[in-house]
Engineer: 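Take a look at the following structure, please.
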Amino acid sequence: MNCKKIKNALFERLPLSLRFLIETLRYWRSLCRYNASKRTDSDQRKMQYTLQRETHVIEKGMSMRTTRRGFGQAKVLALMGRLQTYVEKYADKPFVVYPLSTIKEYIVFQQKDGVAIPQIETRFDELCKQVGVQPSDLHLPAGIRMEQCDKLQQAAKGDFRSLLYSRHSIRYFADRLPSHQKIAEALELASRTPSACNRQAWHTHVYFGEDSHRLLQMQSGCNGFHDDIHCSIVVTADMKGFLGHEPFQCYVDGGLYAQNLINALHYVGLGSIPLSCGFMSNKLNEMKKCFHIPDSEVMIVIIGVGEMLPEMKIAISTRKDFTTTNVFHT
Ligand SMILES: Cc1cc2nc3c(=O)[nH]c(=O)nc-3n(C[C@H](O)[C@H](O)[C@H](O)COP(=O)(O)O)c2cc1C
């Protein structure tokens with residue numbers, strides 16, 4: 001037996017609780033190495049992901065029902081500062097085209113609103129010059145656009161491609177509760193999700209009205225629009241469904257279910273927005289306690305749900321080309 005095999009055999013003989021502890025420590029080691037909050041700018045990928053996130057914050061700001069006049073100026077200046085650092089460090093022009101396209105849309109947005117932002121405009125022009133792009137050449141779809149409810153609902157009932165391309169995160173809704181019947185139909189469709197050994201360890205908890213608002217206020221990723229979302233579905237996965245060799249499988253099965261539910265909600269004609277549960281355990285435990293979610297269930301995501309208004313703003317959220325995220329291992 002070689003060294004690795006002996007090590008694995010010994011590991012298998014340890015009590016399960018000790019193996020879990022070792023697994024947790026290994027995860028801790030990966031977190032310390034790879035989490036984007038640590039040594040961010042010295043790693044190109046970490047820098048890209050965080051810049052992508054900061055770009056989204058700007059487009060998300062524009063996609064609210066109402067925006068504070070002149071919102072986001074400090075954030076845009078900070079983003080431009082980091083973009084400059086990125087270009088100086090990594091000389092990667094293609095990556096910055098999308099953030100720059102978003103900033104260009106932000107400037108147009110503020111101009112239409114009659115807000116003067118000369119400092120941002122000057123800084124933007126300087127940055128474009130440094131990167132070597134003309135602002136007029138920034139053609140990537142960015143920022144926001146208007147969508148009509150009937151068009152989205154029609155597209156959702158088209159083929160699979162049409163369903164995927166017409167689903168968007170929606171951050172404000174009609175001022176009425178979504179129909180129980182539609183939610184039930186979406187839950188029934190989402191139950192077609194595959195799961196490891198067909199265990200179907202997902203659960204859902206649906207809240208309406210004031211309860212939904214309180215839950216979303218606690219979630220805090222929808223500051224400024226939590227009162228506009230009158231229904232929330234918490235998707236959880238039950239840790240009791242998984243064995244010793246699959247300590248993190250609940251997140252995979254729960255995540256697959258959540259995505260199917262999001263698509264199913266779109267199919268039945270409701271608007272939705274996934275809202276993060278990627279928080280530290282103290283916050284999640286408090287939420288579970290307040291909203292009567294069993295301790296054995298891990299919170300995967302909260303889905304804000306609503307009846308769509310006739311017309312709404314959506315953030316464009318342009319996707320990366322799949323060739324930049326895929327490797328064919330031929
Ligand atoms: C797991 C997850 C968590 C999210 N959390 C938030 C959130 O807290 N606040 C928010 O406004 N949007 C949130 N979103 C929505 C994303 O911003 C959105 O899905 C992304 O920009 C892509 O846009 P699209 O959904 O319109 O295609 C979340 C999405 C996912 C998948």
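Computation of the quantities below employed the complete heavy-atom set of this structure, encompassing side-chain atoms and omitting hydrogens, waters and symmetry-equivalent molecules. Bear in mind the structure is a predicted one, so any value in this text is a computation, not a measurement.
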Engineer: Would you say the side chain of Pro294 lies within less than 4.5 Å of the side chain of His205, judging by non-hydrogen atoms?
Structural biologist: yes
Engineer: Contact between Ile262 and Pro274 at the side-chain level, heavy atoms closer than 4.5 Å - yes or no?
Structural biologist: yes
Engineer: Tell me which pairs pass salt bridge (charged side-chain N to carboxylate O under 4.0 Å, His left out) where either residue lies in residues 27-39, with sequence neighbours left out.
Structural biologist: none
Engineer: To the closest 0.5 Å, what do you measure between CD1 (Ile229) and CD1 (Ile302)?
Structural biologist: 10.0 Å
Engineer: Go through it in stages, so that I can follow the logic: the residues are Leu83 and Ile103, the test is side-chain contact (heavy atoms from CB on, under 4.5 Å), and I'd like the CA-CA distance, side-chain angles, deciding distance and then a yes or no.
Structural biologist: CA-CA 11 Å; Leu83 285 171; Ile103 296 168; 3.8 Å; yes
Engineer: For Asp137, give me all partners under side chain to side chain contact (heavy atoms under 4.5 Å, CB included), at least two apart in sequence or on another chain.
Structural biologist: Gln134
Engineer: Would you name the heavy atoms of Ala315 and Ile144 that are closest together and state the gap between them?
Structural biologist: CA-CG2, 4.0 Å
Engineer: Answer with yes or no whether the hydrophobic clustering places Ile303 together with Leu152; edges join I, L, V, M, F, W, Y residues whose side-chain heavy atoms lie under 4.5 Å apart.
Structural biologist: no
Engineer: Rounded to the nearest 0.5 Å, what's the gap from CD1 on Ile107 to CD on Gln110? Could you check?
Structural biologist: 9.5 Å
Engineer: Do you see a donor-acceptor pair shorter than 3.5 Å between the side chains of Gln154 and Asp150?
Structural biologist: no
Engineer: Scan residues 179-205 for pairs that pass salt bridge (charged side-chain N to carboxylate O under 4.0 Å, His left out), counting only residues two or more places apart or in two chains.
Structural biologist: Lys182-Glu307, Arg199-Glu246
Engineer: Taking only residues two or more places apart in sequence, or in another chain, which ones meet Asn198 in a side chain to side chain donor-acceptor pair (under 3.5 Å)?
Structural biologist: Gln200
Engineer: Is there a donor-acceptor pair closer than 3.5 Å between any side-chain N or O of Ser220 and the backbone N or O of Gln217?
Structural biologist: no
Engineer: More than 12 non-hydrogen atoms from neighbouring residues, nucleotides or ligands closer than 6.0 Å to NZ on Lys151, yes or no?
Structural biologist: no
Engineer: Heavy atoms, side chains only, cut-off 4.5 Å: are Cys277 and Leu284 in contact?
Structural biologist: yes
Engineer: By the ring-ring contact (aromatic ring centres under 6.0 Å, His included) test, which pairs, at least two apart or in different chains, include something from residues 224-261?
Structural biologist: Tyr27-Phe248, Trp202-Tyr257, His213-His230
Engineer: Measure the CD1-OG1 distance between Ile58 and Thr102 for me, rounded to the nearest 0.5 Å.
Structural biologist: 8.5 Å
Engineer: Apply side chain to side chain donor-acceptor pair (under 3.5 Å) to Asp41 and list each qualifying residue two or more places apart in sequence or on a separate chain.
Structural biologist: Arg82
Engineer: What's the verdict on salt bridge (Lys or Arg N to Asp or Glu O under 4.0 Å) for Glu12 and Arg19, showing C-alpha distance, side-chain angles and the deciding distance?
Structural biologist: CA-CA 8 Å; Glu12 292 303 320; Arg19 277 187 272 155; 3.4 Å; yes
Engineer: Compare all side-chain heavy atoms of Phe124 with those of Thr122 and state whether any distance is below 4.5 angstrom.
Structural biologist: no
Engineer: Just by distance, with hydrogens left out, do Ser195 and Asp253 show a side-chain donor and acceptor under 3.5 Å apart?
Structural biologist: no
Engineer: I want to check something: taking the side chain as every heavy atom from C-beta on, are Asp92 and Val87 in contact at a cut-off of under 4.5 Å?
Structural biologist: no
Engineer: State yes or no: do Leu77 and Met47 share one hydrophobic cluster built from I, L, V, M, F, W and Y residues joined by side-chain heavy-atom distances below 4.5 Å, directly or via other members?
Structural biologist: yes
Engineer: Which residue is it: Val57, Leu100, Leu51? I am looking for the one with a side-chain contact (heavy atoms from CB on, under 4.5 Å) to Leu79.
Structural biologist: Leu51
Engineer: May I ask you to check whether over 12 heavy atoms, not counting those of Lys46, lie within 6.0 Å of atom NZ?
Structural biologist: yes
Engineer: Pair up each side-chain donor or acceptor in residues 158-169 with any protein partner under 3.5 Å, not counting sequence neighbours, and list the distances.
Structural biologist:
{"unit_1": "Asp159", "atom_1": "OD1", "unit_2": "Arg161", "atom_2": "N", "d": "3.4"}
{"unit_1": "Asp159", "atom_1": "OD1", "unit_2": "Ser162", "atom_2": "N", "d": "2.9"}
{"unit_1": "Ser162", "atom_1": "OG", "unit_2": "Ala155", "atom_2": "O", "d": "2.6"}
{"unit_1": "Ser166", "atom_1": "OG", "unit_2": "Ser162", "atom_2": "O", "d": "2.7"}
{"unit_1": "Ser166", "atom_1": "OG", "unit_2": "Leu163", "atom_2": "O", "d": "3.2"}
{"unit_1": "Ser166", "atom_1": "OG", "unit_2": "His266", "atom_2": "NE2", "d": "2.8"}
{"unit_1": "His168", "atom_1": "NE2", "unit_2": "Arg145", "atom_2": "NH2", "d": "3.4"}

Engineer: Checking side-chain contact (heavy atoms from CB on, under 4.5 Å) for the pair Ile293/Val234: CA distance, chi angles, key distance, verdict?
Structural biologist: CA-CA 9 Å; Ile293 295 170; Val234 179; 3.9 Å; yes
Engineer: Do Val108 and Leu138 sit in the same hydrophobic cluster, where Ile, Leu, Val, Met, Phe, Trp and Tyr count as joined when their side-chain heavy atoms come under 4.5 Å apart?
Structural biologist: no
Engineer: Looking at His56, I'd like to know if its NE2 atom is crowded, meaning that more than 12 non-hydrogen atoms belonging to other residues, nucleotides or ligands lie closer than 6.0 Å.
Structural biologist: yes
Engineer: In this structure, are over 12 heavy atoms from other groups packed under 6.0 Å from Met239 atom CE?
Structural biologist: no
Engineer: Assess, by modelled atom type and distance only, whether the side chains of Glu88 and Gln84 contain a donor and an acceptor separated by less than 3.5 Å.
Structural biologist: yes
Engineer: Is Met299 close to Met287 at the side-chain level, that is, under 4.5 Å between some pair of heavy atoms?
Structural biologist: yes
Engineer: Quick check on the hydrophobic clustering: are Leu261 and Phe208 connected, directly or via other members, by side-chain heavy-atom contacts under 4.5 Å?
Structural biologist: yes
Engineer: Would you find more than 12 non-hydrogen atoms of other residues, nucleotides or ligands less than 6.0 Å from Gln119 atom CD?
Structural biologist: no
Engineer: Which pairs count as salt bridge (charged side-chain N to carboxylate O under 4.0 Å, His left out) when at least one residue sits in residues 98-115, sequence neighbours excluded?
Structural biologist: none
Engineer: Considering all heavy atoms of both residues, which atom of Ala142 and which atom of Thr318 are nearest to each other, and what is their separation?
Structural biologist: N-OG1, 4.5 Å
Engineer: Hey, are Lys240 and Glu297 close enough for a salt bridge, meaning a charged N less than 4.0 Å from a carboxylate O?
Structural biologist: no
Engineer: How would you list, by chain and number, every residue that makes a side chain to side chain donor-acceptor pair (under 3.5 Å) with Thr55, sequence neighbours excluded?
Structural biologist: none
Engineer: Is it true that, when you exclude Met146 itself, more than 12 heavy atoms of the residues, nucleotides or ligands shown sit nearer than 6.0 Å to its CE?
Structural biologist: yes
Engineer: Say you draw a straight line from CD of Gln73 to CD1 of Ile120; how long is it, rounded to the nearest 0.5 Å?
Structural biologist: 4.5 Å
Engineer: Under 4.5 Å between any side-chain heavy atoms of Val206 and Cys231, yes or no?
Structural biologist: yes
Engineer: Are Leu189 and Asn260 packed together at the side-chain level, in the sense that at least one heavy-atom pair is separated by less than 4.5 angstrom?
Structural biologist: no
Engineer: Between Leu177 and Ile183, is there a shared hydrophobic cluster once you connect ILVMFWY residues whose side-chain heavy atoms come closer than 4.5 Å?
Structural biologist: yes
Engineer: For Tyr90, give me all partners under ring pair (Phe, Tyr, Trp, His ring centres under 6.0 Å), at least two apart in sequence or on another chain.
Structural biologist: Tyr86
Engineer: Kindly indicate whether a cation-pi arrangement holds for Arg69 with Phe109, taking the cut-offs as under 6.0 Å to the six-membered ring centre and within 45° of the axis.
Structural biologist: no
Engineer: Just jot down the ring pair (Phe, Tyr, Trp, His ring centres under 6.0 Å) partners of Phe291, sequence neighbours excluded, or say none.
Structural biologist: Tyr207
Engineer: Applying side chain to side chain contact (heavy atoms under 4.5 Å, CB included), can you list everything that pairs with Lys157, at least two apart in sequence or on another chain?
Structural biologist: Tyr267
Engineer: Hey, could you give me the SG/CG distance between Cys290 and Leu215, rounded to the nearest 0.5 Å?
Structural biologist: 9.5 Å
Engineer: Heavy-atom count check: over 12 atoms from other residues, nucleotides or ligands less than 6.0 Å from Glu311 CD?
Structural biologist: yes
Engineer: Please name the pair of heavy atoms, one in Ile300 and one in Cys250, separated by the smallest distance, quoted to 0.1 Å.
Structural biologist: CD1-O, 3.9 Å
Engineer: Can you tell me how far OG of Ser30 sits from CG of Leu25, rounded to the nearest 0.5 angstrom?
Structural biologist: 11.0 Å
